[in-house]
Amino acid sequence: MPDAAPLPVLTTQKAWVGGRFLDNRDGRTFQTLNPATNRPLCEVEVSGAAEVEAAVEAAEAGFAVWSAMGGTARGRILKRAADLLRARNRELAVLETLDSGKPISEAETVDVHSGADCLEYYGGLAATLGGEHVDLGAEWNHSFFYTRREPLGVCAGIGAWNYPLQIACWKAAPALACGNAMIFKPAELTPLTALKLAEVFKEAGLPDGVFNVVQGFAETGQLLTQHDRIAKVSLTGEVGTGKKVMAAAAASLKEVTLELGGKSPLIVFADADLDNAVSAALLANFFTQGEICSNGTRVFVEAPIKEAFLERLVARTKAMRIGDPLDPDTQVGALISAEHRDKVRDYIRAGVAAGAKLMTGETLPDDPALAEGNYVAPAVFDACTDEMSIVQEEIFGPVLSLLSFSEEDDVVARANATPFGLAAGVFTRDLQRAHRVIARLQAGTCWINTYNLTPIEMPFGGYRQSGLGRENGQAAIEHYSQLKSVFVEMGDVESPY
Ligand code: NDP
């Protein structure tokens with residue numbers, strides 16, 4: 001049963017600019033809904049040109065203060081923010097669950113903690129950031145050069161709705177560690193927790209203007225991507241949005257990081273530990289109702305074990321508990337919107353129409369509490385072929401396509417036959433095959449004998465149309481800083497003129 005504690009009462013949410021809430025000028029608002037009931041949680045003010053301009057000005061002022069501080073001082077504030085997030089875990093997890101529809105059991109154990117881990121990691125790294133010194137030797141009069149790792153300036157972060165707080169942290173933490181200021185726009189479907197992060201930053205001592213939140217639709221995002229005083233944009237979203245953002249950013253040659261969609265393969269060889277492989281396939285498809293970019297939605301299983309794999313997979317899928325996201329026992333929550341639920345259901349219908357065999361996922365449990373929400377029972381398709389739409393396209397819902405294979409070369413070619421390249425997984429006990437196959441897969445984030453684990457230390461990102469740049473790990477530092485090379489002459493200037 002859901003926790004009996006009263007749910008938060010939310011007033012109209014606003015932009016957060018320069019360390020305080022900012023009223024919008026034109027009074028436009030939108031509603032954010034609870035995906036479990038489709039009832040409104042609150043109104044949110046749309047940030048228009050005036051609010052975005054105010055955010056840029058505040059961020060520039062914040063940048064001047066923040067970029068002048070040393071890395072140790074910056075890191076201390078980020079680590080304090082990590083502690084505050086953890087201390088407020090329950091409250092933030094409830095809010096995330098109400099806004100996103102994901103199970104509280106996930107929000108409480110993954111979302112807030114992953115955000116806090118990220119702040120802690122980059123808080124630790126902040127003091128270590130710097131350049132190098134290279135002595136050029138006698139032939140250069142012992143001149144030398146050094147490099148300075150400098151921030152980019154004001155960065156924009158634009159988030160998707162599946163991991164709202166985590167995405168805000170994954171973008172803000174490396175950006176701030178490098179000395180940048182950030183303007184973050186959450187997805188309009190999940191606008192709430194980014195504002196909580198702003199509050200947490202303020203309480204942790206972050207100077208005003210260093211982290212700002214603007215709210216709204218694609219138009220608000222465009223105001224950011226087109227702004228010539230914003231140096232970088234980092235987007236998490238769909239491939240189509242990524243292309244638009246990159247095109248808009250080209251006008252002012254912004255740096256761009258794109259974390260986009262996927263249709264990732266999970267390959268299970270016959271020698272794999274069967275139960276572990278089934279566990280991974282479930283994690284790779286049904287966590288957060290399947291609304292995860294890196295999901296391994298094309299599960300290729302070697303022919304000799306396919307039937308045994310399918311039997312266990314279907315039994316465990318049928319046993320998953322669908323229900324009120326706030327119920328701690330719920331394992332499958334509500335999809336983000338009625339529109340998205342309908343899209344996922346259309347894909348399931350298209351799979352059946354194309355001849356794939358729906359092994360489970362046809363019906364929801366007979367529970368009146370589910371009637372108002374955007375629920376879809378986890379679906380497992382057998383008898384899929386590579387050209388079906390359910391196998392080709394990103395569904396972003398709980399739909400697993402099972403495919404069979406017999407040859408390593410063949411499965412590698414089929415796994416790579418996609419314009420995406422976000423993630424991939426291989427299950428086998430054969431050490432050499434594991435590394436050989438992973439090396440041949442065109443994907444940026446890979447797992448051997450597990451799936452969907454994303455420690456903050458590990459760079460995360462995609463190949464091909466799944467993205468550009470990397471989040472997390474030391475790799476993200478490259479994407480939020482620039483190198484200045486400084487040559488220092490120790491002799492005379494030799495000039496032929
Ligand atoms: P969208 O691409 O629809 O939206 C992402 C964000 O971009 C939203 O804040 C959206 O605003 C904004 N936006 C939309 N159009 C523009 C534009 N032209 N210029 C600037 N900003 C714009 O993605 P979803 O929110 O639907 O998220 C799902 C997608 O995100 C999936 O494809 C998924 O794979 C991908 N994703 C990728 C991840 C990764 O790390 N690789 C992780 C998580 C998700 P608005 O809210 O108003 O639409």
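Predicted, not measured: the structure shown is a model, and the values here were computed from it. Note that ligands are numbered from 1 as they come in the structure, with each ligand's atoms numbered from 1 the same way.
Each of the atoms 32 (O), 34 (O) of ligand 1 lies under 4.0 Å from some heavy atom of Gly261. Near Ala160, meaning under 4.0 Å from one of its heavy atoms, ligand 1 places the atoms 25 (O), 27 (O), 30 (O), 44 (C). Near Val245, meaning under 4.0 Å from any of its heavy atoms, are these atoms of ligand 1: 19 (N), 20 (C). Remark: ligand 1 atoms within the under-4.0 Å shell around heavy atoms of Glu259 are 37 (C), 38 (C), 39 (C), 40 (O), 41 (N). Listed by number with element, the atoms of ligand 1 under 4.0 angstrom from any heavy atom of Leu235 are 6 (C), 7 (O). Counting the atoms of ligand 1 from 1 in the order shown, those under 4.0 Å from a heavy atom of Thr241 are 1 (P), 2 (O), 3 (O), 7 (O), 13 (N), 14 (C), 15 (N), 16 (C), 22 (C).
Protein heavy atom closest to atom 39 (C) of ligand 1, with residue, atom name and distance, is Cys293 SG, 3.1 Å. Scanning the protein heavy atoms around atom 28 (C) of ligand 1, the nearest turns out to be Phe396 CE2, 3.7 Å. Scanning all protein heavy atoms for the shortest distance to atom 48 (O) of ligand 1 gives Glu188 OE1, 3.4 Å. At the shortest separation from atom 5 (C) of ligand 1 among protein heavy atoms lies Thr236 O, 3.4 Å. When hydrogens are left out, the protein atom nearest atom 19 (N) of ligand 1 is Gln222 CG, 3.6 Å; that is the closest non-hydrogen contact. The nearest heavy-atom contact from the protein to atom 12 (C) of ligand 1 is Ile158 CG2, 3.6 Å.
At a 4.0 Å heavy-atom cut-off, ligand 1 touches Asn162 through the side chain alone. Neither the backbone nor the side chain of Thr220 comes within 4.0 Å of ligand 1, counting heavy atoms alone.
Between the side chains of Thr32 and Asp99, at least one donor-acceptor pair of N or O atoms lies under 3.5 Å. For the 3.5 Å distance criterion, the side chains of Lys263 and Thr418 fail to qualify, holding no donor opposite an acceptor. Between the side chains of Ser252 and Lys254, a donor-acceptor pair is found at a separation under 3.5 Å. A side-chain donor from one of Asn295 and Asn452 sits under 3.5 Å from a side-chain acceptor of the other. Counted by atom type alone, Asn38 and Asn374 present one or more donor-acceptor pairs between their side chains at under 3.5 Å.
Rounding to the nearest 0.5 angstrom, the gap separating the OH atom in Tyr121 from the OG atom in Ser114 is 13.0 Å. Interatomic distance, Cys384 SG to Phe300 CZ, rounded to the nearest 0.5 Å: 10.0 Å.
Nearest-heavy-atom check against atom 26 (O) of ligand 1 across Tyr163, Trp161, Phe217, Phe420 picks out Trp161. Of the candidates Glu394, Glu471, Gln215, the one placing a heavy atom closest to atom 32 (O) of ligand 1 is Glu394. Of the candidates Gly237, Gly159, Gly221, it is Gly159 that places a heavy atom closest to atom 6 (C) of ligand 1.
Screening Asp26, Asn24, Leu22 for a side-chain contact (heavy atoms from CB on, under 4.5 Å) involving Glu45 leaves a single residue, Asn24. Among Gln465, Gln392, Arg464, the one residue that satisfies the side-chain contact (heavy atoms from CB on, under 4.5 Å) test with Pro419 is Gln465.
For the pair Gly216 and ligand 1, a heavy-atom separation below 4.0 Å is found. Heavy-atom distances between Gly467 and ligand 1 stay at or above 4.0 Å for every pair.
Taking the six-membered ring for Trp and thresholds of 30 and 60 degrees, Phe396 and Trp161 have ring planes more than 60 degrees apart, a perpendicular arrangement.
In terms of N/O distances under 3.5 Å, ligand 1 is approached by Lys185. On a distance-only criterion, Val239 and ligand 1 share no N/O pair closer than 3.5 Å. Looking at Leu260 next to ligand 1, an N or O pair under 3.5 Å apart turns up. Checked against a 3.5 angstrom limit, the closest N/O atoms of Glu238 and ligand 1 fall inside it.
Ionic pairing of Lys343 and Glu393 is not present here: no N-O contact between side-chain nitrogen and carboxylate oxygen is shorter than 4.0 angstrom. Ionic pairing of Asp342 and Arg349 is not present here: no N-O contact between side-chain nitrogen and carboxylate oxygen is shorter than 4.0 angstrom.
A 4.5 Å side-chain heavy-atom check between Tyr163 and Thr288 finds at least one atom pair inside the cut-off.
Within 6.0 Å of the NZ atom in Lys202, the count of heavy atoms belonging to other residues, nucleotides or ligands exceeds 12.
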